[in-house]
Amino acid sequence: MLSLSAADYDAIRLSAQVAIAATVLSLPFGFAFAYLITFVKFRGKMMLEVIVNLPLTLPPVVIGYFLLLLLGKRGWLGTLLNEAGIRLIFTLKAAIIASAIVGFPLLVRSLRIGMESIDPQLIKASRTLGARWHDTLLTVILPLSVPGLLAGSSLMFARSLGEFGATIIVAGNIPGVTQTIPLAIYEYAASPTSENMALSLCLVSVLISMAVLFLHEITARKLARRD
Amino acid sequence: MNLRMAVNKRFADFSLSTDFTVAGDRIGIFGTSGSGKSTLVSLLAGLQQPDLGEIFLDDNCLFSSSRGINLPPEQRRIAIVFQQHCLFPHLSVKNNLLYGFRRCPPEQRTIDFDSLARVLKIEDLLGRGVTNLSGGEKQRVALGRAILANPRLLLMDEPLSALDDTLRFQIIPYLKSVSERFGIPYLFISHSLVEMRLMTDSALLIEKGRIVEQTTSEQLARIRMGQSSVGYINLLELSDMTERDGMCSYRWKGGELLLSASNRETASGLFELSSKDIILFKKHPEAVSARNLLECRVSSLFESGRKLGVELECGGGSLVAEIVPEAARELGIMAGVTIHAAFKASAFRRLSKSVGNTIDRE
């Protein structure tokens, strides 16, 4: 029953591309945000947390719409990018940005849980042994955040695979260019004769998601065992 | 080592305010939990910042609110041995040991890695991860890691309280001899008077965030005898165990002592005997059930709370017994008189086996 067309393979490839790029792109920022929220005391921390977590509660369509306003031809950033000859709207880049923003809170959340489980005494020990703060960051916090990093990345990857609302608004639904698995399914679902095609892609989606979630569970368990 | 700490630090429900100068290489900070010991350690190491004041280590200013100086922890060269070993779980024993060493400027490195590993008996552990080491091994590695950072001062923040009794007294000789041998002065923080007396010469007593007493650790033990429910703890080094009449006979510098048979496994070691377990007789009691009866000379008396401490010279050894003032009057106990001290064979508690032999002193 698993019959996939060339366009379906394109959609799978694009989905993987978007999910990988969004995750990789978000990692350094996610790490920095999680570090700030966990270890640094500053004013307006709660505000930052709220902003970072906003995409978790906002409808993705709203995020997509804001992105369209920001990056569109007459948008605040879009005009600047347009002058530099860069066009983001209705490209794969836009799909990546949309996925990155929607999945970002999941990444930060997992990283934070990982960082919060690091014994603060280890950080103190490293400082008194002569490490400056960035040395401690690289040699103690980063290696001990790896399980959180893996857990967060897998969650974010899975979320990016499923991203629909924001993507369809900023990247459109262009087969072979921006059409990822959910968008392809949406298109199949709209036509009465493509039920099987839709089901096949759904199955692919389920398989990939399950694989990623298994990976996530395994790393989460490793994280728990370390404590 | 010369340390001056005149600082204030205020928290919501606690404030620390100290102004003291101490000199020496084996200094103790004694206080119950919540007295401010750990805050003191954090302020000294630079992990927390005082609100006001100055900290000087030898001639070096670590912190001064008036001059706007606050050296970050990595520049203070004050290493800490924590209560929990705090080893980096992602690094091997060797890389844990070398963590501080690699960050110490080469011209300041004086500790030789191999000889330290030998003294701490951790040569065979170097390639292993730290998570499956035993408690004692972990604490030895943590000590080695702190020493290898070539600190000017070693802060031992209750390094023994996470260990069980047997292990505690096995680690003490390492703590002492390693710092002595490599010439690193230390500040030993503890709530145990026995540890204090084994580890330090002078001690600061901290209560509710204030230094209330600056004295020797021996004197501290005598001052606290009156309030303590366990009395003054005599520490006796006993050796050459032989079994006799179902009991264990040990050699002590003040004479032969009999201990109960449960000590059969211990050939020699450190034992404690409470001042409360010693009964004094003016004349030789003809018959007494206690198995140890020593003729002693009273060398001095000291007051401690409502009790009187009696310092006894017995042969080459000395003991402290406690009595109430009325008993001293009735028995005519005063410095110079000869009396008899009796204590049961079961009154001893073993602290460690063969303390002196644990360390390779070569």
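By convention in this document, chain letters (A, B, ...) are assigned in the order of the sequence lines, proteins followed by strands, and residues within each chain are numbered from 1.
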- Message: Can you give me the closest heavy-atom contact between A:D119 and B:C86, atom names plus distance?
- Response: OD2-SG, 4.4 Å

Is [X] close to chain A through its backbone or its side chain, or both, or neither, when contacts mean heavy atoms under 4.5 Å?
X: B:R102; value: neither
X: B:I80; value: both
X: B:L87; value: backbone

- Residue, of B:A45, B:G100, B:A79, that accumulates the most heavy atom pairs under 4.5 Å with chain A: B:G100

- Just by distance, with hydrogens left out, do B:Q83 and B:S161 show a side-chain donor and acceptor under 3.5 Å apart? yes

- Aromatic ring proximity A:F164/A:Y186, centre distance under 6.0 Å: yes

- Message: Would you call the rings of A:Y35 and A:F39 parallel, tilted or perpendicular, taking 30° and 60° as the class edges?
- Response: tilted

